[in-house]
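Values below: all heavy atoms of this structure, side chains included; hydrogens, waters and symmetry mates excluded. Chain letters run A, B, ... following the sequence lines, proteins first and then strands; every chain starts at 1.
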Protein chains: 2
Amino acid sequence: MSPARTTSGAPVSSIGRGIAVLACFTSRAHALTLSELSAASKLPMSSTHRVVAELVTGGFLVRGQDKRYRIGTRLWSIAQLAPVSEQLRERALPTLARLYEETGENITLAVLDRGQALYVDRLVGERSVPIVSRSGGHLPLHTTGVGKVLLAYQPKESIEKYLGRRLERPTPYSIADPVKLEKELAEVRTNGYSVTRQEMTPGTGSVAVPIVRKGRTIAAVGVVAHLARLDVNRLVATLQQAAASIAKELDDH
Amino acid sequence: MSPARTTSGAPVSSIGRGIAVLACFTSRAHALTLSELSAASKLPMSSTHRVVAELVTGGFLVRGQDKRYRIGTRLWSIAQLAPVSEQLRERALPTLARLYEETGENITLAVLDRGQALYVDRLVGERSVPIVSRSGGHLPLHTTGVGKVLLAYQPKESIEKYLGRRLERPTPYSIADPVKLEKELAEVRTNGYSVTRQEMTPGTGSVAVPIVRKGRTIAAVGVVAHLARLDVNRLVATLQQAAASIAKELDDH
DNA sequence: ATGGACTATTCCGGATAACGGAAGAGACTT
DNA sequence: AAGTCTCTTCCGTTATCCGGAATAGTCCAT
């Protein structure tokens with residue numbers, strides 16, 4: 001029996017297996033047992049056992065006293081050197097902090113990543129509504145404020161490619177119709193900001209603006225708040241100021 | 001010639017090699033060429049080439065148009081699920097934001113990791129002094145405010161073990177003498193906070209307090225500011241309030 | 001206690017996929 | 001055109017990874 005190729009679509013190289021094991025954490029809880037990892041990665045138990053052991057000795061995984069494995073600080077520490085972290089998050093953080101203090105609402109910062117909105121950071125307002133986004137997590141482009149902004153300023157082909165997909169509708173208010181969505185994106189471009197109302201979470205709305213550098217939209221900042229408190233005009237002004245401040249911070253190196 | 005074991009102390013398993021390559025980024029810039037990686041990881045060029053290629057297909061590395069490799073968003077995204085990120089940083093962030101707005105100075109949050117202070121987050125004050133710490137980076141325990149706090153509340157054996165080490169002195173003000181340092185730590189315990197003055201960076205001082213959960217010091221928050229602006233009493237009060245707020249946030253789940 | 005269901009760990013023979021030296025291909029400088 | 005880089009491909013060897021199977025440990029119900 002060929003050891004590397006199990007019947008179902010499984011990892012390829014040794015390193016690929018390691019990555020596959022680590023990737024299990026993205027869709028699950030932050031602590032997994034060996035058998036959960038084996039099931040999620042679709043690797044045999046004995047293989048999982050070995051791979052996990054190697055990841056532990058490398059400091060990429062840690063096993064708790066509860067026999068569950070967690071992401072190790074070594075991995076986390078290395079990841080902080082990713083451009084998205086070191087060159088965007090770090091520099092935007094003070095501005096996000098100010099934004100948070102000014103509004104008291106949830107603040108999100110996202111970039112485009114593989115056809116989804118990747119949340120680079122978020123500040124969860126204690127006195128604001130609970131939100132589904134999470135640092136490091138992905139959400140659809142067409143159901144989130146930051147997502148719409150990121151999509152709207154993409155090249156035309158990319159947009160059409162996205163519109164051609166089968167778009168999910170988390171709520172009845174989600175805009176999944178390509179024609180309506182395209183109209184919405186055009187509006188975003190003329191306005192310079194996006195608004196969502198209950199398109200991701202009932203009772204919740206959001207406003208977002210692009211962060212532009214050298215003419216290119218590299219990220220988006222947004223506010224997520226209770227629908228009733230969504231004072232669009234005021235928020236847009238505050239956000240645009242913040243976006244400019246972040247862009248300046250990035251340019252200043 | 002045995003393929004796995006080169007003469008010098010080199011990685012062991014295939015996954016180990018992958019980790020070794022990724023670890024190169026910690027001590028260097030955020031973008032490295034293939035030959036730099038080969039040199040830093042002490043792997044032959046051809047091996048490095050293969051390992052890097054596997055990491056790229058796995059999304060853990062990305063090669064820029066400048067032929068330099070950077071940490072990929074996939075790795076970063078997974079790392080955000082580390083307990084230190086998801087269970088500490090995220091929950092402390094709003095409080096750190098408030099702290100930042102109140103003081104206008106550099107705010108740091110750190111945990112103990114392998115005998116060093118691991119900076120979980122930092123907010124760099126624009127109108128404050130530049131600081132050496134960096135999210136994901138490590139600094140010595142005895143030359144930083146947060147470090148001293150983290151060390152002071154360790155079990156006695158751990159402290160003695162640390163004092164037995166050869167301690168570095170980044171500045172002439174750094175306290176490297178075990179006896180003096182032990183006295184300093186005792187003071188930290190009685191006061192409930194630590195102070196540093198030019199022990200890491202000339203002209204800069206810091207104040208830090210522990211974040212206590214279930215009687216254990218799990219992290220430390222600190223302020224790093226210009227020596228002349230280091231109003232210890234006021235900062236300690238503000239920090240202790242923040243630390244309590246973070247502890248509460250952690251307990252509330 | 002006994003058994004069963006589960007998870008985790010160790011063993012081991014077989015063959016694959018990882019290994020790295022060597023040579024080739026670019027790119028850029030002298 | 002020769003030289004010096006860095007990067008990429010090739011390829012024979014075999015060490016290392018593979019995963020089934022058996023063992024050990026854990027927990028719960030009977």
Side-chain angles (χ1 to χ4, degrees), chain A residues 1-25 28-72, chain B residues 1-25 28-72:
Chain A
M1 189 102 12
S2 151
R5 231 164 299 281
T6 62
T7 50
S8 63
V12 281
S13 70
S14 195
I15 287 179
R17 280 165 220 264
I19 293 177
V21 167
L22 291 173
C24 296
F25 286 86
R28 322 255 160 173
H30 65 98
L32 296 170
T33 67
L34 188 63
S35 31
E36 284 168 343
L37 282 169
S38 172
S41 66
K42 291 176 182 171
L43 289 175
M45 269 295 279
S46 54
S47 296
T48 311
H49 185 266
R50 181 170 24 82
V51 170
V52 164
E54 283 168 6
L55 289 170
V56 167
T57 58
F60 271 30
L61 282 183
V62 177
R63 87 181 282 167
Q65 68 294 0
D66 55 354
K67 290 191 173 179
R68 285 177 173 276
Y69 293 91
R70 286 157 231 273
I71 304 290
Chain B
M1 188 99 14
S2 149
R5 231 164 299 281
T6 61
T7 50
S8 63
V12 280
S13 69
S14 196
I15 287 180
R17 281 166 218 264
I19 293 177
V21 167
L22 291 172
C24 296
F25 286 86
R28 323 255 161 173
H30 66 97
L32 297 170
T33 68
L34 188 63
S35 31
E36 284 168 342
L37 283 170
S38 172
S41 65
K42 291 177 182 170
L43 289 175
M45 269 296 278
S46 54
S47 297
T48 311
H49 186 265
R50 182 169 22 80
V51 170
V52 164
E54 284 168 7
L55 289 170
V56 167
T57 58
F60 271 29
L61 282 183
V62 177
R63 87 182 283 167
Q65 69 294 1
D66 54 355
K67 289 191 175 182
R68 286 178 171 274
Y69 293 91
R70 286 158 232 271
I71 302 289

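When each of A:Arg68, A:Arg70, A:Arg63 is paired with A:Asp66, the side chain to side chain donor-acceptor pair (under 3.5 Å) condition holds for A:Arg70 and for no other. Among B:Val21, B:Leu55, B:Val52, the one residue that satisfies the side-chain contact (heavy atoms from CB on, under 4.5 Å) test with B:Phe60 is B:Leu55.
Heavy atoms of A:Arg63 sit under 4.0 angstrom from primed sugar atoms or phosphate atoms, though from no base atom. Using a 4.0 Å heavy-atom cutoff across all strands shown, B:Ser46 reaches at least one base atom of the nucleic acid.
The shortest side-chain heavy-atom distance between B:Ile71 and B:His30 does not fall under the 4.5 Å cut-off.
As rounded to whole Å, 17 Å separates atom C1' of D:dT26 from atom CD of A:Gln65. As a whole-Å value, the separation of B:Ile15 CD1 from D:dT16 P is 15 Å. One atom, CZ of A:Arg50, and another, C1' of C:dA8, lie 15 Å apart when rounded to the nearest Å. Rounding to whole angstrom units, CG of residue B:Asp66 and P of D:dT6 are separated by 16 Å. Counting to the nearest Å, the C1' atom of D:dG19 and the CG atom of A:Leu43 are 10 Å from each other. Rounded to an integer number of Å, the gap from CG of A:Leu34 to C1' of C:dC6 is 13 Å. When the C1' atom of C:dA18 is taken as reference, atom CD of B:Glu54 falls 8 Å away, rounded to whole Å. Residue A:Met45 contributes atom CE, which lies 13 Å from atom P of D:dG19 at whole-angstrom precision.
In this structure, B:Arg17 reaches the C:dC19 phosphate: one of its side-chain N or O atoms is under 4.0 Å from OP1 or OP2. Not one side-chain nitrogen or oxygen of B:Ser13 sits closer than 4.0 Å to the OP1 or OP2 atom of D:dT16. Taking 4.0 angstrom as the limit, A:Ser47 places a side-chain polar atom (N or O) nearer than this to OP1 or OP2 of D:dG19. Taking side-chain N and O atoms only, A:His49 has no distance below 4.0 Å to OP1 or OP2 of C:dA8.
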Mind running side-chain contact (heavy atoms from CB on, under 4.5 Å) on B:Lys67 and B:Thr33 for me, showing each step along the way?
CA-CA 6 Å; B:Lys67 289 191 175 182; B:Thr33 68; over 6 Å; no
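Distances were taken from every side-chain heavy atom of B:Pro44 (C-beta onward) to each of D:dC7, C:dG21, C:dT9; the shortest belongs to C:dG21.
Between the side chain of A:Ser38 and the backbone N or O of A:Leu43 there is at least one donor-acceptor pair closer than 3.5 Å.
Comparing A:Lys67 and B:Lys67 by the nucleotide of DNA chain C that holds the closest heavy atom to each, the one mapping nearer the 5' end is A:Lys67.
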